[in-house]
K.L.:
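What follows is a single structure, and I will ask about it in a moment.
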Number of protein chains: 2
Amino acid sequence: MRPTLQTVADAVGVSRSTVSNAYSRPDQLSTELRDRVLAAAAALGYAGPDPTARSLRKRRTGAIGMLFTASLSFAFTDPYAVGYLRGLAEAAEQARTGLLLLPLSVEDDAAAVAAVNEAVVDGFCVYCMPDWHPALDALAARGLPVVSGQRRASDGPQSAFVGIDEAAATRAAGDHLMALGHRRVAVIGDYLSVAPTIGPALLTSPADVAYYTSRERLRGYQSAFAAAGVDWSTVTTVNVPGNCRDDGATAAAHLLDRAPRPTAIAALSDIVALGVLDALRARGLQPGRDVSVVGFDDIPEAAAENLTTVHQPAADRGRRSGELLLDRPADPADRTVVLPTRLVVRATTGPAPS
Amino acid sequence: MRPTLQTVADAVGVSRSTVSNAYSRPDQLSTELRDRVLAAAAALGYAGPDPTARSLRKRRTGAIGMLFTASLSFAFTDPYAVGYLRGLAEAAEQARTGLLLLPLSVEDDAAAVAAVNEAVVDGFCVYCMPDWHPALDALAARGLPVVSGQRRASDGPQSAFVGIDEAAATRAAGDHLMALGHRRVAVIGDYLSVAPTIGPALLTSPADVAYYTSRERLRGYQSAFAAAGVDWSTVTTVNVPGNCRDDGATAAAHLLDRAPRPTAIAALSDIVALGVLDALRARGLQPGRDVSVVGFDDIPEAAAENLTTVHQPAADRGRRSGELLLDRPADPADRTVVLPTRLVVRATTGPAPS
DNA sequence: GAACCCTTCTGGATCGATACAGTACGCCGT
DNA sequence: ACGGCGTACTGTATCGATCCAGAAGGGTTC
């Protein structure tokens with residue numbers, strides 16, 4: 001049987017409280033006694049107060065949870081997610097707090113809810129979740145602090161937001177394309193359809209998209225296009241099941257292999273945009289001359305491949321999220337942080353071919 | 001005050017146990033009563049059994065811990081680490097378990113020990129830690145299952161190992177260099193010196209290195225060189241403080257900007273090797289012709305840049321580690337897994353210039 | 001010398017659940 | 001009528017700590 005506080009207390013001949021104090025409140029007992037207690041503990045192989053019991057009593061666990069939809073493994077594949085995670089990890093490290101990654105099963109909603117309900121954490125960070133996911137309701141029910149990167153109608157005054165103005169960001173990118181004269185445009189992104197397939201998404205309006213990030217980004221493009229007189233019904237939207245390069249290339253094929261092909265393709269992430277570039281090159285088309293391409297995120301590879309994109313501060317977003325979670329401001333106004341974005345024009349956008 | 005099992009029990013007029021059973025053992029009560037209990041819970045805003053209390057009682061937390069030295073943020077920068085993490089995350093996801101990342105402060109040993117002692121987990125994964133780190137002793141003291149990628153003298157029969165034969169892997173790489181006729185060779189790696197500075201490491205023998213991975217890899221090179229008659233004292237070793245590309249380039253500068261320069265440089269990781277390639281190109285030298293370069297890990301970028309390297313299965317390592325931790329084999333023999341490595345010869349190694 | 005304080009240590013209540021032995025009761029077979 | 005059995009639910013002990021009111025003892029103050 002593993003030793004407990006009581007075991008050590010009996011060995012030294014003091015009370016349980018005293019042994020507890022030896023570890024947690026050294027000023028409450030004489031150094032002489034404290035040394036004796038610690039020596040006895042070492043002799044008995046007692047490694048210090050049990051973290052679980054301590055968490056129960058202290059009502060704090062020393063960890064924050066991070067929810068992932070899409071298999072966790074996938075998250076590590078996306079440089080943007082990695083950047084976000086890095087920022088979050090920095091904040092956690094600073095606060096001497098652990099970071100609990102919670103892989104939420106995509107198929108099994110009940111399991112996802114269970115995972116949220118069983119997570120031993122002091123708060124949650126939500127990053128990229130479909131709005132309708134039941135785990136989000138489970139989250140709200142637990143009543144722990146939550147910092148989210150996406151707004152939901154059901155958000156209470158409790159919740160905090162750290163993110164960007166997604167629609168404004170794509171509005172700038174859309175304006176850029178319009179200024180270059182593009183009128184036949186297409187958008188590729190994930191979660192545009194409910195079904196996880198590659199192919200045209202049958203959207204009547206961005207509002208149909210059940211996923212905050214994609215929906216807002218689409219809205220931005222819609223407003224930019226509308227301002228230039230391009231009606232949304234003439235815009236082709238293509239869904240990708242996963243946020244990865246290959247899917248981007250496959251999705252682009254749907255657009256490029258039929259006439260008339262769009263003169264500009266806007267991808268809702270850089271990873272997908274890079275796939276679009278692959279597809280262009282495979283067909284001997286030159287990005288920025290034959291077809292313009294815009295991404296989103298500004299991951300390192302985007303600079304390397306000269307992709308025009310929207311920059312957003314990934315690590316900052318993670319860091320601020322962690323900070324807000326660990327040190328929650330009393331004033332609700334301070335619990336909304338909107339970080340700046342910036343259109344980065346590189347070589348993959350150019351005037352529309354006549 | 002947040003509701004507890006008792007609150008709900010009182011509301012329904014049943015015992016606490018029954019409410020507990022409604023959540024955890026539905027077969028123990030009639031469906032009719034169960035529905036009534038759950039309805040009352042919902043009405044009271046009770047989100048289900050408190051995970052911390054449950055963990056205490058059940059003696060299991062539903063999470064495994066992963067120790068990181070080097071700031072956590074750094075870990076996400078290294079594609080090899082990300083691969084390992086991905087594998088581990090997959091195993092965790094499969095077992096419906098959380099993954100607690102524990103950033104261990106490098107400067108503050110006491111804080112690192114505290115982090116280990118306070119982690120609410122069922123077991124630990126150790127991946128890249130200096131042998132002497134006190135957190136490893138704290139780990140052993142806690143008596144939880146541990147899966148490590150590095151062997152230590154103090155490992156008990158309890159511990160499990162998932163890794164590769166580091167020395168055999170570099171022995172193959174060293175043999176390759178020797179077969180190509182290289183005799184003036186240098187090795188660049190991290191943790192070769194105690195001090196975190198870039199520069200020559202004053203090593204009399206690989207055994208001096210206090211860091212398992214680097215030590216074993218050096219040993220492999222030493223034995224390969226010795227077999228070809230190249231004495232270790234003629235080998236220059238250069239330390240890098242961080243496992244990153246820039247440091248690799250700076251370290252290579254130490255070797256390239258003095259005569260006679262080595263004809264081959266072995267880096268203990270691909271990231272560092274890529275930095276060496278940068279340094280070569282900056283000086284107009286051609287990798288594989290003027291100077292040969294070998295890496296280690298075989299990260300995706302290595303293939304892209306045609307780097308000769310040693311392949312090791314990053315994700316497998318993580319996955320097997322997780323599996324062993326979550327489903328520990330009774331037979332100690334099954335608790336040692338040595339995964340295969342493979343020398344991948346690409347374009348950065350060639351015959352020694354005469 | 002009474003009142004008070006400070007340091008050091010104690011004991012019982014508590015955190016919120018689960019485990020398990022036990023009770024109550026209806027049903028069956030003889 | 002009675003023992004045996006299964007189902008549905010209860011009650012107490014327990015997991016391993018921390019909190020906090022309070023006691024014991026020595027020193028200071030007036």
Side-chain angles (χ1 to χ4, degrees), chain A residues 1-38 40-41 44-62 114 117-122 141-144, chain B residues 1-38 40-41 44-62 114 117-122 141-144:
Chain A
M1 201 186 98
R2 289 192 64 70
T4 70
L5 275 188
Q6 190 68 64
T7 321
V8 178
D10 293 346
V12 184
V14 294
S15 78
R16 186 170 64 247
S17 309
T18 301
V19 180
S20 173
N21 286 335
Y23 283 95
S24 310
R25 311 172 71 168
D27 57 310
Q28 294 294 304
L29 71 174
S30 63
T31 35
E32 186 269 335
L33 179 57
R34 173 157 193 264
D35 291 344
R36 260 172 54 218
V37 168
L38 297 184
L44 289 166
Y46 179 72
D50 179 273
T52 309
R54 176 192 279 241
S55 297
L56 174 60
R57 186 65 246 235
K58 297 190 100 161
R59 307 172 132 283
R60 90 158 234 128
T61 69
N117 278 328
E118 284 162 22
V120 182
V121 297
D122 298 322
R142 280 199 61 178
L144 291 174
Chain B
M1 201 185 98
R2 290 190 65 69
T4 69
L5 275 189
Q6 189 68 63
T7 320
V8 179
D10 293 346
V12 184
V14 294
S15 79
R16 187 168 63 247
S17 309
T18 301
V19 180
S20 173
N21 285 335
Y23 284 96
S24 309
R25 313 170 70 167
D27 58 312
Q28 295 293 305
L29 71 173
S30 62
T31 33
E32 185 269 332
L33 178 56
R34 176 158 191 264
D35 291 344
R36 258 173 56 218
V37 169
L38 296 184
L44 289 166
Y46 178 72
D50 179 274
T52 309
R54 175 193 279 242
S55 298
L56 174 61
R57 186 64 246 236
K58 296 190 100 160
R59 308 173 130 282
R60 119 173 199 110
T61 69
N117 279 327
E118 284 163 21
V120 181
V121 296
D122 297 323
R142 280 199 60 178
L144 291 174

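Proteins come first, then strands; the chains are lettered A, B, ... in the order of their sequence lines, and each starts at number 1. Below, each value reflects all heavy atoms present in this structure, side chains not excepted, and no hydrogens, waters or symmetry copies.
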K.L.:
Mind checking if Y46(A) touches a base, just sugar-phosphate, or nothing, with heavy atoms under 4.0 Å?
P.N.:
sugar-phosphate
K.L.:
Where the side chain of A53(B) is concerned, which of dT10(D), dT8(C), dG16(C) is the nearest nucleotide?
P.N.:
dG16(C)
K.L.:
Classify S55(B) by what it touches in the nucleic acid, base, sugar-phosphate, or nothing, heavy-atom distance under 4.0 Å.
P.N.:
nothing
K.L.:
For R16(B) and dA8(D), give me the distance from atom CZ to atom P, rounded to whole Å.
P.N.:
22 Å
K.L.:
Figure out the CG/P separation between D27(A) and dC6(C), and round it to whole Å.
P.N.:
15 Å
K.L.:
Working to the nearest 0.5 angstrom, can you tell me the gap between R57(B) CZ and S20(B) OG?
P.N.:
10.5 Å
K.L.:
Take atom CZ of R25(A) as the centre, draw a 6.0 Å sphere, and report whether it contains more than 12 heavy atoms from other residues, nucleotides or ligands.
P.N.:
no
K.L.:
Under 4.0 angstrom, heavy atoms only, what part of the nucleic acid is S17(A) near: base, sugar-phosphate, or nothing?
P.N.:
base
K.L.:
Is S30(A) close enough to dC9(C) that one of its side-chain N or O atoms is under 4.0 Å from OP1 or OP2 there?
P.N.:
yes
K.L.:
How many whole angstroms separate atom CZ of R60(B) from atom C1' of dG16(D)?
P.N.:
19 Å
K.L.:
Which one, dG16(C), dT10(D), dA19(C), comes nearest to the side chain of R59(A)?
P.N.:
dG16(C)
K.L.:
Students often get this wrong, so: under 4.0 angstrom with heavy atoms, is S24(B) touching a base, only sugar-phosphate, or nothing?
P.N.:
sugar-phosphate
K.L.:
Whole angstrom is fine here: how far is it from NZ in K58(B) over to P in dG16(D)?
P.N.:
16 Å
K.L.:
Run T4(B) and D50(B) through side-chain contact (heavy atoms from CB on, under 4.5 Å) and show every step you take.
P.N.:
CA-CA 8 Å; T4(B) 69; D50(B) 179 274; over 6 Å; no
K.L.:
So what does T18(A) hit on the nucleic acid, given a heavy-atom distance under 4.0 Å: a base, only sugar-phosphate, or nothing?
P.N.:
base
K.L.:
Any idea which heavy atoms bring T7(B) and L44(B) closest together, and the distance?
P.N.:
O-CD1, 4.1 Å
K.L.:
Taking atom C1' of dG16(D) as reference, at what distance in whole Å does atom CZ of R54(B) sit?
P.N.:
18 Å
K.L.:
Rounded to whole Å, please give me the gap between CG in D122(A) and C1' in dC15(C).
P.N.:
15 Å
K.L.:
Dump the intermediate steps for side-chain contact (heavy atoms from CB on, under 4.5 Å) on V19(A) and V12(A), then the final yes or no.
P.N.:
CA-CA 9 Å; V19(A) 180; V12(A) 184; 5.6 Å; no
K.L.:
Taking the side chain of N21(A) as its heavy atoms from C-beta onward, which of dT10(C), dA17(C), dA13(C) lies nearest to it?
P.N.:
dT10(C)
K.L.:
With sugar-phosphate meaning primed atoms plus P, OP1 and OP2, does L5(B) contact a base, only sugar-phosphate, or nothing at under 4.0 Å between heavy atoms?
P.N.:
base
K.L.:
Reading DNA chain D from 5' onward, which residue's closest nucleotide shows up sooner: S15(B) or L56(A)?
P.N.:
S15(B)
K.L.:
Could you give the CD-to-P distance, from Q28(B) to dT7(D), as a whole number of Å?
P.N.:
10 Å
K.L.:
Over how many whole Å does the gap from L44(B) atom CG to dG16(C) atom C1' extend?
P.N.:
16 Å
K.L.:
I need the minimum non-hydrogen distance between L144(B) and D122(B), along with the two atoms involved.
P.N.:
CD2-O, 4.0 Å
K.L.:
Nearest heavy atom decides the nucleotide; on that basis, is R57(B) or L33(B) closer to the 5' end of DNA chain D?
P.N.:
L33(B)
K.L.:
Which part of the nucleic acid does R25(B) contact within heavy-atom distance under 4.0 Å: base, sugar-phosphate only, or nothing?
P.N.:
sugar-phosphate
